[in-house]
Every structure is written in C-alpha cells, then in structure tokens.
Amino acid sequence: MLIDGHGRKVNYLRISVTERCNFRCLYCMPEKPFSWVPHENLLSYEDMFEFVKVSIDEGIDKIRITGGEPLLRHGLDTFIKMISDYKNDIDLAITTNGYLLEETAQDLKDAGLKRLNISLDSLTPEIAQKISQKDMLEKVLKGIDKAQEVGLKIKINCVPLKDINDGEIINLLDHCKLKGYEIRFIEFMENSYAKVKQGLSSQEIQDIIKQKYNFTKGIREGSSPSRTYTLEDGYKFGIIEPHLDDFCKDCNRIRLTAEGFLIPCLYFEDAMSIREAIKDKDIKKASSILKDVLKDKPEKNKWGSENGSDRAFYETGG
Ligand code: SAM
Ligand code: SF4
C-alpha cells in the first residue's frame, strides 16, 4: 500500500501520454505552445508500462489516461491492453475531448477499456467552438454515441465559464440525464495559460440548477474529488470543487507526465523523473522514486502564482 507523508492512501495514477492537443480550449491551451516536447523525449508505451507494473505492484488500483488529447497518440489501444492484461480488474479510464472517438471507440473497448470521461462544455455549436476554438461539436457528439454503442460507460466533464457557457448548464444536465451519462461540472482552476476571466463557483452552478430542479446536499464519496448531488428523480450529478477547503483532504492521486516526471500535486512545482530508472530497467529505483515523491506530496495544493498554476494542465493531464 502506498501512503503519503500526510498519512493519505494513494491508489490512483493519472498518466498523461501526450501534451499535444487538437483543441485550443480557452481555459487550458488557448494557444499552441512555443514548442512541443520532441517525440524522442517521450516515454514509450513500453516504458510507461514498466512504471505502471511497479505502481500496481505497490498498490495503485485506479489508472486514468489523459493528456493533452490522449487519442492523438498512436497505439493507445495497445497500451490499454497491456495494462488490462496485467490487472484485469483495474479501474482503468481515459479522459478525452471525444473528437477522435468515433474511429477509436471499438478498438479501445476491445483492448479492455470500460470507462471514458469526455469533456463537453456546450451543446450549442457556436459556444462549443468559442471555447475549444474548433468546429467540433457534431463530430464529438457522434464519437460519444459510438462509445456508448460499443458499451463504454460514459461520464461527461464540463467547465462552466462566466458569460460563455453558463447558460448551457441545464441543457447539458438534461442531455446527460436523458442519455444516461453522469455529468460532473468542474470549477475553473486558475492557471497562467488560460484566457478566461472567470469560472463559476460550485455555489453558482448549484444556483443555476436550482432554477429547475430540487436536489440533495452534496456528498463526497471516498476520495473522489467531486461532491455528488441527487435530483428528486434519483439522477446524480457531480461538482468538482477545488476552491473548497476540504478538496485536498483525501487526495489519493499522483501524476506521470509523458516525459516521465512524477508529480505529486497539480499545484506544486516539484517533480521527480523516473525516466532513467525505467530506461535502465531499475525497478527498485523506480519504486523508491515513487515513494520519495509521495513523501513530498503537499498536504494542500499551493496555488503558486497569482494566476494559480504555472504548470500547464495539458502537460499534467488536468
Ligand atoms: N484533452 C482531454 C480532455 O479535454 O478531456 C484530456 C486532458 S484535459 C487537460 C483533462 C480535464 O481537465 C478536462 O476535463 C478539462 O476540462 C479539464 N481542465 C483543463 N483545464 C482546466 C481548468 N483550467 N480548470 C478546470 N478544468 C480544466
Ligand atoms: Fe485539449 Fe483537453 Fe486542454 Fe481542451 S482541455 S485544450 S481538449 S487538453
């Protein structure tokens, strides 16, 4: 079992397989970065899998593949298969913008994937395009339908932004309710790359939903980063509330970047590389770096600069 320096059990690894993305979301990567990490600096899937085995053997039982846009990196289905063959009952999911899902959903399902989180900020083409800076809605919706058709369980993520998509909250909730998807609204997290003035707070999101629905008080289940709210008809939605005080209390996450940096917290500049250890097939060293990073995991996120984080979410996987 992996325990961090503050006594929290860590069982959840988020892996960013690429920082590249085909969208330019205003809250994440509004502009193409000055330079991308060169391909030769990326860990191969085989290297990542070596680290995944170490992590699973040490107690990780939940893995999320993210990015950038993970479906842009070729061979993702093979990586999924490596992981699910190693531990079939692992809670394995991908977070994607959905643009390439129509053509990849079946292969991912066949490789052993069970769940997907898909970002969807609006059902109005112009608003979706304004946020992602791409004419993408129709293709994303087709991709989501395809994923459901092949039997993948779907959760939708939405980041409500003031005066941009705040009028879409009820629309999205109703759409997900009808389709049988869970939806989670994520409070906008300030970072120095974003070109967004303000996101909606959890309370503001709830106030909008209250205009149409009654729902229960939010409940935090286990170490989930979101609170769950239940409508009178039993439908549940979530809100991820990083601005609330208790957000870090039960944090069980650690992050691996595509270059091999192990990051204990989104809002914390320190990181350690497992790259050399993995390239040298030094499993003991990789495992010891993992434990050192956990010792260093801060008790609470450090919203560093006045803009929040200086490390891009497309690098760490959000
Ligand atoms: N490209 C994929 C996607 O968009 O789902 C995966 C990577 S993205 C960085 C992962 C998650 O982080 C998405 O749900 C996205 O909405 C969220 N995210 C990115 N920037 C954010 C920000 N500034 N505040 C809150 N959530 C953010
Ligand atoms: Fe790309 Fe996802 Fe960031 Fe949007 S949120 S720019 S889709 S990585």
Side-chain angles (χ1 to χ4, degrees), residues 14-33 36-37 63-73 76 93-101 104 108 115-122 127-137 139-140 143-144 147 154-162 164-165 168 172 176 181-202 205 225-226 238-244 247 253 255-258 263 266-267 301 303-305 307-318:
R14 292 179 69 103
I15 305 175
S16 170
V17 294
T18 178
E19 57 169 357
R20 294 174 192 235
C21 191
N22 43 3
F23 288 11
R24 293 285 174 268
C25 300
L26 297 177
Y27 50 76
C28 179
M29 190 202 296
E31 277 163 16
K32 184 170 182 270
W36 297 114
V37 173
I63 294 180
R64 161 78 36 92
I65 312 289
T66 174
E69 175 45 41
L71 301 187
L72 279 180
R73 185 157 173 191
L76 187 61
I94 293 179
T95 299
T96 170
N97 62 29
Y99 193 75
L100 297 172
L101 257 185
T104 52
L108 293 170
R115 302 198 297 112
L116 276 174
N117 283 24
I118 304 166
S119 299
L120 183 65
D121 293 319
S122 173
I127 299 177
Q129 178 163 358
K130 180 171 182 188
I131 296 172
S132 63
Q133 304 192 75
K134 188 172 179 106
D135 176 13
M136 48 47 130
L137 187 63
K139 188 158 160 59
V140 168
I144 299 176
I154 292 164
K155 256 189 207 171
I156 300 294
N157 287 340
C158 165
V159 182
L161 306 168
K162 218 157 241 172
I164 301 180
N165 64 340
E168 293 283 293
L172 279 163
C176 292
Y181 314 145
E182 203 179 312
I183 184 164
R184 294 187 317 173
F185 298 99
I186 309 176
E187 281 182 342
F188 166 63
M189 291 183 248
E190 292 74 10
N191 65 90
S192 50
Y193 300 85
K195 279 210 175 135
V196 171
K197 287 207 181 69
Q198 224 180 335
L200 265 66
S201 68
S202 171
I205 297 167
S226 77
I239 307 184
I240 300 186
E241 302 159 331
H243 295 90
L244 291 191
F247 186 68
R253 267 148 285 160
R255 295 174 160 81
L256 180 68
T257 71
I263 299 175
L266 263 184
Y267 284 92
N301 61 38
W303 300 70
S305 72
N307 292 323
S309 175
D310 284 331
R311 193 188 275 119
F313 286 2
Y314 55 82
E315 185 194 344
T316 51

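What you see is a predicted model, and the numbers here were worked out from it, not measured in a lab. The figures that follow rest on heavy atoms only: side chains count, while hydrogens, waters and symmetry mates do not. Order of appearance sets the numbers: ligands from 1, and atoms from 1 within every ligand.
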Can you check whether [Y]'s main-chain N or O pairs, donor with acceptor, with [X]'s side chain at less than 3.5 Å?
| X | Y | result |
| --- | --- | --- |
| Glu315 | Thr257 | no |
| Arg73 | Glu19 | no |
| Gln133 | Arg24 | yes |

Residues that Glu168 engages under side-chain contact (heavy atoms from CB on, under 4.5 Å), provided they are two or more places apart:
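With neighbours one apart ignored, the set is Ser122, Leu123, Thr124, Ile127, Asn165, Asn171, Leu172.
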Please indicate whether Lys197 has more than 12 foreign heavy atoms, meaning atoms of other residues, nucleotides or ligands, lying under 6.0 Å from its NZ.
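No, because the 6.0 Å sphere around NZ of Lys197 holds 12 heavy atoms or fewer from other groups.
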Cation-pi check, Lys134 onto Phe23 ring (under 6.0 Å, within 45° of axis)
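Not satisfied by the 6.0 Å and 45° rule.
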Give a table of atom pairs where an N or O of ligand 1 lies under 3.5 Å from a protein N or O.
from, atom 1, to, atom 2, distance (Å)
ligand 1, 1 (N), Gly68, O, 3.0
ligand 1, 1 (N), Glu69, OE1, 3.2
ligand 1, 4 (O), Ser119, OG, 3.2
ligand 1, 5 (O), Thr96, O, 3.2
ligand 1, 5 (O), Ser119, OG, 2.6
ligand 1, 14 (O), Ser119, OG, 3.1
ligand 1, 14 (O), Asn157, ND2, 3.3
ligand 1, 16 (O), Tyr27, OH, 3.4
ligand 1, 23 (N), Tyr27, O, 2.9
ligand 1, 23 (N), Met189, O, 2.9
ligand 1, 23 (N), Asn191, ND2, 3.2
ligand 1, 24 (N), Met189, N, 2.8

So, at under 2.8 Å, which protein N, O or S atoms would a careful student list around atom 4 (Fe) of ligand 2?
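N, O, S partners closer than 2.8 Å: Cys25 SG.
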With sequence neighbours left out, write down each residue that passes salt bridge (charged side-chain N to carboxylate O under 4.0 Å, His left out) with Lys130, or none if nothing qualifies.
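Salt bridge (charged side-chain N to carboxylate O under 4.0 Å, His left out) check on Lys130 returns nothing, list empty.
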Do you see a donor-acceptor pair shorter than 3.5 Å between the side chains of Glu69 and Asn97?
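Yes.
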Rounded to the nearest 0.5 Å, what's the gap from CG on Leu137 to CD on Gln129? Could you check?
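Here the rounded value is 10.0 Å.
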